[in-house]
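Accompanying notes for the structure given below.
Chain letters run A, B, ... following the sequence lines, proteins first, then strands; residues in each count from 1.
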Number of protein chains: 2
Amino acid sequence: MEKKEISRAVINRLPRYYRFLKELEKEGVERISSLELSRALDVTASQIRQDFNNFGGFGQQGYGYNVQHLKEEIGKIIGLDQCYNMIIVGIGNLGKALAKYPGFANNGYSTIGLFDSDPAKIGTVINDIAVRGIDELGSFAADNEVDIAVICVPRTEALKTASLLVEKGIKAFMNFTQADLEHELPDGIFVQNVYLIDTVMLLSYDLNNSKK
Amino acid sequence: MEKKEISRAVINRLPRYYRFLKELEKEGVERISSLELSRALDVTASQIRQDFNNFGGFGQQGYGYNVQHLKEEIGKIIGLDQCYNMIIVGIGNLGKALAKYPGFANNGYSTIGLFDSDPAKIGTVINDIAVRGIDELGSFAADNEVDIAVICVPRTEALKTASLLVEKGIKAFMNFTQADLEHELPDGIFVQNVYLIDTVMLLSYDLNNSKK
DNA sequence: TAGATTGTTAATCGATTAACAATC
DNA sequence: TAGATTGTTAATCGATTAACAATC
């Protein structure tokens, strides 16, 4: 099983490919060429072929790609042939919104636990799941198979929370705080940050640097 | 005013630099070297100096960088010496959470309008702002100085909504839907996507491709 | 002055694009 | 078979890193 390390740039494009193919499939499109894909996705056809060939190539000369097959293969690479259990820690406005967000379940990510330290929230039910106290977090993580933890606690609590979960064996974090978990947690732990502030800042940069 | 185009990779790092410097400033740190920055931010010292030198260089040989000055200069580049007006369109769970999110206001982004099509929501007040009907969106955008629109409507409405706002002169969009606004809207319009699904997908990829 | 650390040029590395032979 | 389009190699482009002279 000799793998030639696949670059992060390629990986990062996979979800986008997947989503687009899923849509094509829904529309009943059967085949598509790299050129057509490139027009729809605003990348070069060459790049698309290169990307796919990192994984062995899923097409056929003279034909192109079978939409359904390509979708499934990319899904497998991402790991979408499995389901994942998520917990959300910190049921503030954002945590609550994520608990209700249908997109996760629709794609195979089930939320199986919600946690907050506020006694007023503990016991309330969101989307059929009761909020548990943060003191139960450790035991819950130890007793259940949790794949991904969504961190929505206040920034000051983020590292402590994540570290506890790492101890209990959780390896993947979706981080909505400004804490730099990636740098602070041990190697082999995966962190994806959603830095909402950074995102709007990039918009103001663009607004200020376009008027020429 | 000869500008040598600054690469997006550099721009994308600016918010992170800014946030870290802001924190250093709060802690009372006065000066810092590129080497110290590189340790804290997990990039090379060389890259940090390169990045800053795209804008002329803010340091001093033998001394390093003055934290406050550097923070202010990067802030100016991002455009944080100004304030911005935002509107949020689509007050579902996510839209509501964003309306209550303090991070925006804390960084100079004021939310001045909320819009939804659901009559039950219209008139309700979130964070001192009354939700308006979506039918008022066009006139509101025309009558007020709106810099950034946050798109939280259902995906099927996203392009229509954004197009209307483009007509009214809005140039920057923060997009929480899966719609590919970037590709569909005219040139010169800035879109930042927050694809929550893509983010968790990258975590499942990592989970599946680490166990060696 | 000597030491430190930047600014900046040159070297390296990696990712994207171009081109075309392979082949369906 | 002829046409189409991939898989794949080679060329280009851009971003990161290394190195060091400039200078505070």
Side-chain angles (χ1 to χ4, degrees), chain A residues 2-17 20-21 24 29-74 77 182-183 202 205, chain B residues 2-17 20-21 24 29-74 77 182-183 202 205:
Chain A
E2 16 101 26
K3 283 191 211 171
K4 38 195 152 168
E5 199 60 52
I6 289 153
S7 88
R8 198 69 200 179
V10 175
I11 309 298
N12 288 337
R13 283 189 289 267
L14 295 180
R16 186 138 181 273
Y17 290 150
F20 184 68
L21 289 163
L24 283 181
V29 180
E30 248 181 42
R31 51 174 279 202
I32 192 158
S33 69
S34 58
L35 186 64
E36 292 167 291
L37 275 172
S38 82
R39 286 203 194 100
L41 294 169
D42 248 357
V43 285
T44 64
S46 201
Q47 181 163 71
I48 285 176
R49 294 202 298 276
Q50 282 281 21
D51 282 359
F52 295 167
N53 270 72
N54 278 289
F55 307 99
F58 307 120
Q60 207 166 70
Q61 282 105 325
Y63 172 87
Y65 301 89
N66 175 284
V67 170
Q68 200 194 340
H69 175 244
L70 183 57
K71 188 211 89 173
E72 247 148 56
E73 289 300 321
I74 294 182
I77 295 164
E182 212 162 350
H183 192 217
L202 293 175
Y205 175 87
Chain B
E2 15 100 27
K3 282 193 213 169
K4 36 191 153 166
E5 199 60 54
I6 290 154
S7 88
R8 199 68 200 180
V10 175
I11 309 298
N12 287 338
R13 284 190 288 268
L14 295 180
R16 184 136 183 274
Y17 291 151
F20 184 69
L21 289 162
L24 284 180
V29 179
E30 248 182 41
R31 51 173 279 202
I32 192 159
S33 69
S34 58
L35 185 64
E36 292 168 291
L37 275 173
S38 82
R39 287 203 194 102
L41 294 170
D42 248 355
V43 285
T44 64
S46 202
Q47 180 164 69
I48 286 176
R49 294 201 297 277
Q50 283 282 22
D51 282 358
F52 295 168
N53 269 72
N54 279 289
F55 307 100
F58 307 121
Q60 207 166 71
Q61 282 104 326
Y63 172 86
Y65 301 89
N66 175 284
V67 169
Q68 201 194 340
H69 176 245
L70 183 58
K71 187 210 88 173
E72 248 149 53
E73 289 300 321
I74 294 182
I77 295 163
E182 212 163 352
H183 192 217
L202 293 175
Y205 175 87

### Task
Measure across B/Ala45 and B/Ser38 and return the closest heavy-atom pair with its distance rounded to 0.1 Å.
N-CB, 3.3 Å

### Query
In terms of side-chain heavy atoms of B/Gln47, which of D/dT17, C/dA15, C/dG7 is nearest?
D/dT17

#### Entry: Minimum heavy-atom distance B/Leu202-A/Arg8, with the two atoms named
CB-NH2, 3.9 Å

### Task
Would you indicate what B/Arg31 reaches in the nucleic acid, counting non-hydrogen atoms under 4.0 angstrom: base, sugar-phosphate, or nothing?
sugar-phosphate

### Query
Could you give the CD-to-C1' distance, from B/Gln60 to D/dA22, as a whole number of Å?
13 Å

#### Entry: d(CD, A/Glu5; P, C/dA15) in whole Å
10 Å

## Note on the structure
The nucleotide from D/dT16, C/dC20, C/dT6 with an atom nearest the side chain of A/Arg49 is C/dC20

### Query
A/Asp42 CG to C/dT16 P: how many Å, rounded?
14 Å

### Query
Would you call B/Tyr65 and B/Arg49 a side-chain contact if the rule is heavy atoms closer than 4.5 Å?
yes

#### Entry: A/Tyr17 side chain reached by A/Leu37 side chain, heavy atoms, under 4.5 Å
no

### Query
Is there side-chain contact between B/Ile6 and B/Phe55, with at least one heavy-atom pair below 4.5 Å?
yes

### Query
Just to confirm, is there a sub-4.0 Å distance from OP1 or OP2 of C/dG14 to any side-chain nitrogen or oxygen of A/Ser7?
no

### Message
Side chain of A/Ser46, heavy atoms from C-beta onward: which of D/dT5, D/dT23, C/dA19 has the nearest atom to it?
### Response
C/dA19

### Task
Can you tell me the distance, in whole Å, between the CD1 atom of A/Ile48 and the P atom of D/dG7?
12 Å

### Query
Would you say a side-chain N or O of A/Gln61 is under 4.0 Å from OP1 or OP2 of D/dG7?
no

## Note on the structure
Rounded to whole Å, CG of A/Asn54 lies from P of D/dT9 at a distance of 13 Å

### Message
For Watson-Crick and G-U wobble pairs within 3.5 Å on both distances, what is DNA chain D written in dot-bracket notation, | included for inter-strand pairing?
### Response
..||||||||||||||||||||||

### Task
Verify the contact: side-chain N or O of A/Ser34 to OP1 or OP2 of D/dT6, cut-off strictly under 4.0 Å; return yes or no.
yes

### Task
Name the closest nucleotide to the B/Ser33 side chain, picking from C/dT16, C/dT23, C/dT5.
C/dT5

### Gap between atoms CZ and P, on B/Phe55 and C/dT6 respectively (whole Å)
17 Å

### Task
Quick one: label A/Phe52 by what it contacts on the DNA or RNA (base, sugar-phosphate, nothing), any heavy atom closer than 4.0 Å.
nothing

## Note on the structure
Among the nucleotides C/dT8, C/dT23, C/dA19, whichever has the atom closest to the side chain of B/Gln50 is C/dT8

### Summary
Taking D/dT6, C/dT6, C/dA15 as options, the one with an atom nearest any side-chain atom of A/Ala9 is C/dA15

## Note on the structure
The residue among A/Asn53, A/Leu70, A/Asn66 that forms side-chain contact (heavy atoms from CB on, under 4.5 Å) with A/Phe58 is A/Leu70

### Query
Can you tell me if the side-chain N/O atoms of B/Tyr65 get under 4.0 Å from OP1 or OP2 in C/dA4?
no

### Query
Do you see a donor-acceptor pair shorter than 3.5 Å between the side chains of B/Glu36 and B/Ser33?
yes

### Interatomic distance, A/Asn53 CG vs C/dT17 P [rounded to whole Å]
16 Å

### Message
Measure CG/B/Asn66 against P/C/dT5 and give the value in whole Å, please.
### Response
15 Å

#### Entry: Most 5' of A/Thr44 and B/Gly64 on DNA chain C, judged by nearest nucleotide
B/Gly64

### Message
Would A/Glu73 and A/Leu21 count as a side chain to side chain contact (heavy atoms under 4.5 Å, CB included) here? Give the steps.
### Response
CA-CA 11 Å; A/Glu73 289 300 321; A/Leu21 289 163; over 6 Å; no

### Query
So does A/Arg13 get a side-chain nitrogen or oxygen closer than 4.0 Å to the phosphate oxygens (OP1/OP2) of C/dT16?
yes

